[in-house]
Protein chains: 4
Amino acid sequence: MACSRYEYVKTYEQDDTILPNVWIVIRIDGKKFHKFSKTHNFEKPNDENALNVMNAAATAVMQEFRDVVLAYGQSDEYSFVFRKETAAFKRRSAKLLTYVTSLFSTSYVMQWSKWMCLPLAYAPCFDGRVVLYPSDENLRDYLSWRQADVHVNNLYNTAFWKLVLDSGLSNQKAEERLRGTFSADKNELLFQEFGINYNNLPAMYRKGTILLRKRVISDGDNDQKGRQAIVPLHEDLISSHFWKVHTEILGKYVPGTYTAPEIMPRLVDLQLNTKQEKGDYEKKQPENLAGIS
Amino acid sequence: MACSRYEYVKTYEQDDTILPNVWIVIRIDGKKFHKFSKTHNFEKPNDENALNVMNAAATAVMQEFRDVVLAYGQSDEYSFVFRKETAAFKRRSAKLLTYVTSLFSTSYVMQWSKWMCLPLAYAPCFDGRVVLYPSDENLRDYLSWRQADVHVNNLYNTAFWKLVLDSGLSNQKAEERLRGTFSADKNELLFQEFGINYNNLPAMYRKGTILLRKRVISDGDNDQKGRQAIVPLHEDLISSHFWKVHTEILGKYVPGTYTAPEIMPRLVDLQLNTKQEKGDYEKKQPENLAGIS
Amino acid sequence: MACSRYEYVKTYEQDDTILPNVWIVIRIDGKKFHKFSKTHNFEKPNDENALNVMNAAATAVMQEFRDVVLAYGQSDEYSFVFRKETAAFKRRSAKLLTYVTSLFSTSYVMQWSKWMCLPLAYAPCFDGRVVLYPSDENLRDYLSWRQADVHVNNLYNTAFWKLVLDSGLSNQKAEERLRGTFSADKNELLFQEFGINYNNLPAMYRKGTILLRKRVISDGDNDQKGRQAIVPLHEDLISSHFWKVHTEILGKYVPGTYTAPEIMPRLVDLQLNTKQEKGDYEKKQPENLAGIS
Amino acid sequence: MACSRYEYVKTYEQDDTILPNVWIVIRIDGKKFHKFSKTHNFEKPNDENALNVMNAAATAVMQEFRDVVLAYGQSDEYSFVFRKETAAFKRRSAKLLTYVTSLFSTSYVMQWSKWMCLPLAYAPCFDGRVVLYPSDENLRDYLSWRQADVHVNNLYNTAFWKLVLDSGLSNQKAEERLRGTFSADKNELLFQEFGINYNNLPAMYRKGTILLRKRVISDGDNDQKGRQAIVPLHEDLISSHFWKVHTEILGKYVPGTYTAPEIMPRLVDLQLNTKQEKGDYEKKQPENLAGIS
């Protein structure tokens with residue numbers, strides 16, 4: 001056949017199978033999101049709805065790829081953790097990487113209008129990378145690294161934008177004011193000058209968003225078994241408490257048993273994620289779950 | 001700082017710099033597009049508008065990544081060829097792969113409503129892969145392989161759907177009818193039973209779409225210098241004639257001089273790619289450029 | 001300088017740094033050792049001296065590369081296990097691989113005449129490969145795999161060569177006789193036909209050779225502290241008992257403290273490895289250490 | 001069988017097949033040869049016999065691996081060039097790398113006593129690396145880089161050791177004397193102070209050694225067809241003249257036709273490489289082939 005003369009070029013594709021028995025983390029980052037957030041008038045220092053677009057896109061990825069046991073997002077980045085034993089796409093690195101990146105990207109665009117008022121001015125773009133972590137400790141340290149990063153950045157940004165927006169400092173003056181300060185200094189500045197207790201700010205801004213698979217009880221759920229859902233948490237994952245509560249993350253995977261160690265009736269399915277549903281929903285929710293759900 | 005204890009995890013990222021001086025091809029494929037095309041009622045065997053969504057998304061990629069010298073698309077796949085010498089993103093494989101895949105994906109969603117009547121039922125998804133070709137001959141053979149593929153598939157699909165849609169055969173009967181036939185047989189069948197000369201069908205269906213950078217003269221362009229644009233061609237790239245006309249593809253790259261060897265006034269900028277503009281435009285175009293332009 | 005025009009070619013070298021925090025196993029195999037063993041008249045099924053050349057070469061590798069915590073050899077192969085945390089040669093794969101392979105190869109040639117009567121007819125050759133194991137369990141399973149391999153092969157070979165050398169069967173007849181038999185069958189055959197209790201054969205043949213770093217007490221060692229040495233063991237490493245006795249292998253590495261958990265006065269430094277010293281030494285050794293020491 | 005439970009560990013071996021259609025260069029370097037050359041009293045700045053051990057080891061590698069079309073050595077390093085199309089060991093990187101490194105290493109040890117008076121004090125060790133070059137120009141530039149390197153180093157070393165050995169300068173004083181000098185300065189110094197015309201020094205020291213496959217006519221070779229041999233050259237390979245004479249190197253490989261473009265009756269088979277044969281042979285050889293042959 002006509003093809004056969006050229007078909008040898010297929011042999012130039014190189015095997016990129018990932019080593020077995022390691023945690024596979026795929027982290028996605030927005031390309032030039034500084035400019036993107038300006039163009040689309042994101043609120044400073046945090047735009048709740050823009051974060052929710054990210055969270056909704058990440059939820060779509062977790063719904064599609066069942067071997068993602070946890071996702072963690074902050075700012076314009078999201079990390080997806082595939083369980084060590086995953087055989088998805090035969091562990092081919094480029095397949096895993098591009099499927100996650102592509103579905104996150106298309107979901108971001110499709111979710112946009114559910115949360116944002118301005119239409120998309122141009123197509124956003126994300127890069128993705130694969131990083132492998134052999135031990136559970138490595139994985140926890142990776143996630144702690146990202147959550148420590150959101151803490152440092154958000155505390156700085158909160159103080160910075162207060163100085164700019166409320167005190168009328170120029171960007172440069174605000175930067176000079178904060179240069180060389182420690183966390184305690186910035187906490188103090190927020191409290192003394194703006195009456196803000198940093199720890200009372202929304203957890204989503206301070207802790208980022210953790211997506212987990214849980215069984216969730218809804219009102220009409222008479223048998224109390226609940227159904228599986230992707231739930232957003234804004235908890236401290238650096239401390240060991242988080243890992244004691246959510247033991248299924250590091251536990252030996254048994255297909256079909258990704259249930260929460262305790263039924264969590266207060267959590268809702270992220271499917272309820274349009275602006276309207278969200279409005280209805282927020283009325284009944286305790287503050288610490290107000291983030292995306 | 002709090003970060004430092006965890007920052008070691010950055011060292012787990014592995015270098016994936018691509019060997020210098022080889023052609024870098026990134027090929028994108030739709031995930032489960034058989035189902036996707038059914039859900040969205042694609043015309044069979046070819047949906048011109050659906051192909052144009054692909055072409056428009058690919059054009060967006062070429063506009064963003066200047067070192068892509070050629071793109072070639074057919075069906076639900078697109079290949080992007082980065083010039084051998086590219087230093088884009090320091091030739092890091094995952095960066096190149098995910099930026100192209102992500103931007104193609106988001107552009108596909110954003111272009112969708114310009115060409116298609118049905119709204120997107122769900123987020124589409126594409127995988128991507130990187131393949132390296134050391135020699136010009138390898139690259140030509142790669143592109144020939146893809147174009148031979150479209151020929152074989154399209155001839156089969158054209159005959160198959162004629163048998164199903166016009167002759168009322170079941171899918172199975174149509175398949176049986178075509179089993180074991182050669183190209184000549186299928187050409188004959190189309191001509192004898194349906195009065196179709198296969199070679200007169202739209203070139204985009206038979207040859208796929210080649211995107212090149214060219215200088216294009218538009219009507220109001222008084223100085224006759226034209227401006228750079230991404231132009232779609234539906235030509236035979238297997239024969240050497242194509243490569244003699246478009247010598248800039250394999251030629252030594254000189255920044256800023258990616259002009260066409262001959263000014264091509266009949267080609268239009270793909271920016272004219274909404275349904276309406278397209279309608280206006282088609283009236284003035286010769287048949288063989290009718291595809292996307 | 002004259003070099004500069006060409007020096008760009010250095011950039012074509014690709015990074016091959018190994019993922020941190022995984023066990024690095026380098027396994028070396030003799031190239032065409034079937035022919036090599038024939039040419040050099042190796043005794044069948046096991047040539048004690050030829051195995052000792054292997055063991056001595058492996059000991060030289062462990063003496064040079066301090067981060068090898070265990071080596072395991074059988075037949076014409078040897079595996080070297082670098083501790084997870086090693087930073088030797090910045091974990092560059094090719095460096096680790098070729099240094100080990102090269103030093104093993106040259107040591108093999110240099111040790112040859114200490115153990116073998118026939119001179120080397122030609123230069124032997126070994127291939128090497130790098131395999132990574134994330135967990136301790138993986139590493140144990142790897143070593144168990146190699147030791148199970150020596151058991152299966154040695155039991156077969158022992159029976160095979162008894163049938164050929166003692167019973168006068170042709171190779172083909174011996175093979176037919178053993179085809180389809182289980183371990184128990186072969187044990188029975190050895191006992192019934194040749195009066196051999198397989199478990200009494202030298203441990204080195206049945207279990208292969210494990211090299212460990214230990215502190216060893218020698219006669220003139222008055223302070224009872226001993227000195228570090230590479231010691232050969234021919235033990236069962238599949239059972240957990242081995243790993244309980246030699247806890248330092250999987251333990252957290254603390255530089256300078258690779259001492260044995262219990263002082264092992266009976267073990268001798270492999271430095272005593274010429275034929276003559278070996279002769280003297282064997283007289284005082286219990287049978288199960290007769291292998292190399 | 002007992003093995004099966006552990007056999008999964010085989011799947012941890014990762015594919016390392018080399019991209020097709022690129023030049024594969026394997027370069028070997030002596031580990032700590034500064035110390036090695038001191039221990040074994042190498043003559044300074046060049047030890048002809050020590051270089052011949054290298055050349056003989058490299059010849060052994062070329063005799064074994066038929067797809068090596070050229071080898072180039074200088075000082076304690078040797079580069080082996082596998083033809084682009086080689087399918088040896090299925091182009092698996094570690095196989096090619098370790099076979100070449102291992103055979104070079106063992107051959108070095110086995111050749112040692114044929115050329116050197118002192119016995120080997122300890123086992124030498126070489127590292128190896130694989131570098132890929134897509135184009136013929138890249139390959140030529142790589143070899144030019146190595147030959148430019150030998151020129152720069154040898155000119156410096158020749159001047160340095162003259163100052164130390166003949167003028168009695170300390171190492172430090174000699175280094176100071178040469179600091180900042182250009183090639184012309186060092187040439188002048190050698191001529192003015194020591195009456196040495198650098199260009200008259202043995203070509204092997206100035207140009208390194210190129211090993212090629214050639215058909216060679218020997219005295220009793222009546223049919224004038226010659227036989228294939230590995231021949232050493234000490235020519236300038238930076239200039240294009242070399243590549244015009246030896247067109248078979250970059251030419252399309254046709255198995256069995258690696259004949260020289262012109263029969264070279266003056267070249268001898270490297271098999272004549274013991275000290276004695278060399279002595280006899282040198283008497284009949286023109287100066288510029290005196291190196292190894």
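Reckoned from all heavy atoms, side chains included, excluding hydrogens, waters and symmetry mates. So you know, we letter chains A, B, ... as the sequences are listed, proteins then strands, and number each from 1.
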Thinking salt bridges, do Lys31(B) and Asp29(B) make one under a 4.0 Å N-O criterion?
no
If contact means a heavy atom pair closer than 4.5 Å, which residues of residues 93-102 of chain C contact chain B?
none
What pairs with Ser37(C) under side chain to side chain donor-acceptor pair (under 3.5 Å), at least two apart in sequence or on another chain?
none
The single option from Arg215(B), Lys214(B), Arg83(B) that satisfies salt bridge (charged side-chain N to carboxylate O under 4.0 Å, His left out) with Glu248(B) is Lys214(B)
Can you tell me if Arg140(C) uses its side chain to pair, donor with acceptor, with the backbone of Trp243(C) under 3.5 Å?
no
Can you sort out the partners of Lys35(B) under side-chain contact (heavy atoms from CB on, under 4.5 Å), two or more places apart, ordered by chain and number?
Thr39(B), Tyr122(B)
Applying side chain to side chain donor-acceptor pair (under 3.5 Å), can you list everything that pairs with Asp136(B), at least two apart in sequence or on another chain?
Trp23(B)
